[in-house]
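Bear in mind the structure is a predicted one, so any value in this text is a computation, not a measurement. FYI, side chains are in, hydrogens and waters are out, and symmetry mates aren't considered; it's all heavy atoms of this structure. Lettering of chains follows the sequences in order, A, B, ..., and the numbering in each one begins at 1.
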Amino acid sequence: EDKVVQSPLSLVVHEGDTVTLNCSYEVTNFRSLLWYKQEKKAPTFLFMLTSSGIEKKSGRLSSILDKKELFSILNITATQTGDSAVYLCAVAHGQNFVFGPGTRLSVLP
Amino acid sequence: DGGITQSPKYLFRKEGQNVTLSCEQNLNHDAMYWYRQDPGQGLRLIYYSQIVNDFQKGDIAEGYSVSREKKESFPLTVTSAQKNPTAFYLCASSTDHSTVYGYTFGSGTRLTVV
C-alpha cells in the first residue's frame, strides 16, 4: 500500500530557531515529491523534487530528496511567526498523489 | 486572474440531507480533483476527472457523487449515505502533466453536519 509518513506531526519553536521537517514514503512508480504550505485554507506550492541530492532553495526554506532512502526534508532557518502553518508532503505516483498527514508548525514570538 | 473558486466557504447540513459543493476553474486545466481533509490526516482523494464527461473514484468515494459536464466545473455532492461528512473539502486542478507541476488548489469548503 502506498503511504507517506511525516514527522513530527506537531512542532512548537521560537522565532529564530531552525526546524527540519521529515517526509518518508513508500510508493510505486515514484515521479516526484512536492511540499506545500497550508495556512488557513488552500495549500500553496513550495517545492517539487524529482532528483536525489539536489537542494532546492527559496529564501529561508530549502528541501532535498533522497530517492535511495526514500525520504525528503524541508528546512526552515531563522523561523518567523509567519511560518506557522501545516506543511504537507505529497508524492506523485502514476496520475495522482499520496499526501502525508502534515506537520503543524507553530512559531512563537 | 486565473484560479479555482470553491463555494460556499462554510456549509452546514442536517443529517439525512444531500449537499452540493461547487468548484469552478478558469485555468483551462483538463484534470480536476476532490480531496477531503480531516484533522491529523493527509488529504484523501474522493473523485477525480481527467476529461469532460469522465471521472474516476478515488480512495474514499463511498457516499459521494460528482459530475463533469463542463471543463470548468466539477461539483461534489455529499449524499446522506456518507456516514461522517464533517470535514474540510479541497478542490484542485492540474494540467495533464499534474505529477510534474503539481496542483492548483481552491480555498476549500468546511462542511459541518448539525
Under a 4.5 Å heavy-atom criterion, the part of residues 104-114 of chain B in contact with chain A comprises B/F105, B/G106, B/S107
Please check if the distance between the ring centroids of B/Y33 and B/Y103 is under 6.0 Å. yes
Let me know which of A/S32, A/S58, A/S72 forms a side-chain contact (heavy atoms from CB on, under 4.5 Å) with A/F47. A/S58
Applying a strict 4.5 Å limit to non-hydrogen atoms, the region of B/Q37 in contact with chain A is side chain
With under 30° as parallel and over 60° as perpendicular, where do the rings of A/Y36 and A/F99 fit, or are they tilted in between? tilted
Let me confirm one number: the CZ-OG distance from A/F71 to A/S24, rounded to the nearest 0.5 Å. 9.5 Å
Can you give the donor-acceptor pairs under 3.5 Å from side chains of residues 4-16 of chain A to other protein atoms, not counting sequence neighbours?
| residue | atom | partner | partner atom | Å |
| --- | --- | --- | --- | --- |
| A/Q6 | OE1 | A/C89 | N | 3.0 |
| A/Q6 | OE1 | A/G102 | N | 2.9 |
| A/Q6 | NE2 | A/Y87 | O | 2.9 |
| A/E15 | OE2 | A/T81 | N | 3.4 |

Between OG on residue B/S49 and CZ on residue B/R68, distance to nearest 0.5 Å: 4.0 Å
Residue list, side-chain contact (heavy atoms from CB on, under 4.5 Å) with A/N75, at least two apart or on another chain: A/T20, A/S62, A/I73
Quick one: pull up OG in A/S63 and CG in A/L33 and give me the separation to the nearest 0.5 Å. 7.0 Å
Just checking B/R13: does its CZ atom have more than 12 heavy atoms from other residues, nucleotides or ligands closer to it than 6.0 angstrom? yes
Under a 3.5 Å distance rule, please check whether B/Q6 uses its side chain to pair with a backbone N or O of B/K9 as donor and acceptor. no
Of all the residues in residues 69-93 of chain B, which have a heavy atom that comes within less than 4.5 Å of a heavy atom in chain A? B/F88, B/L90
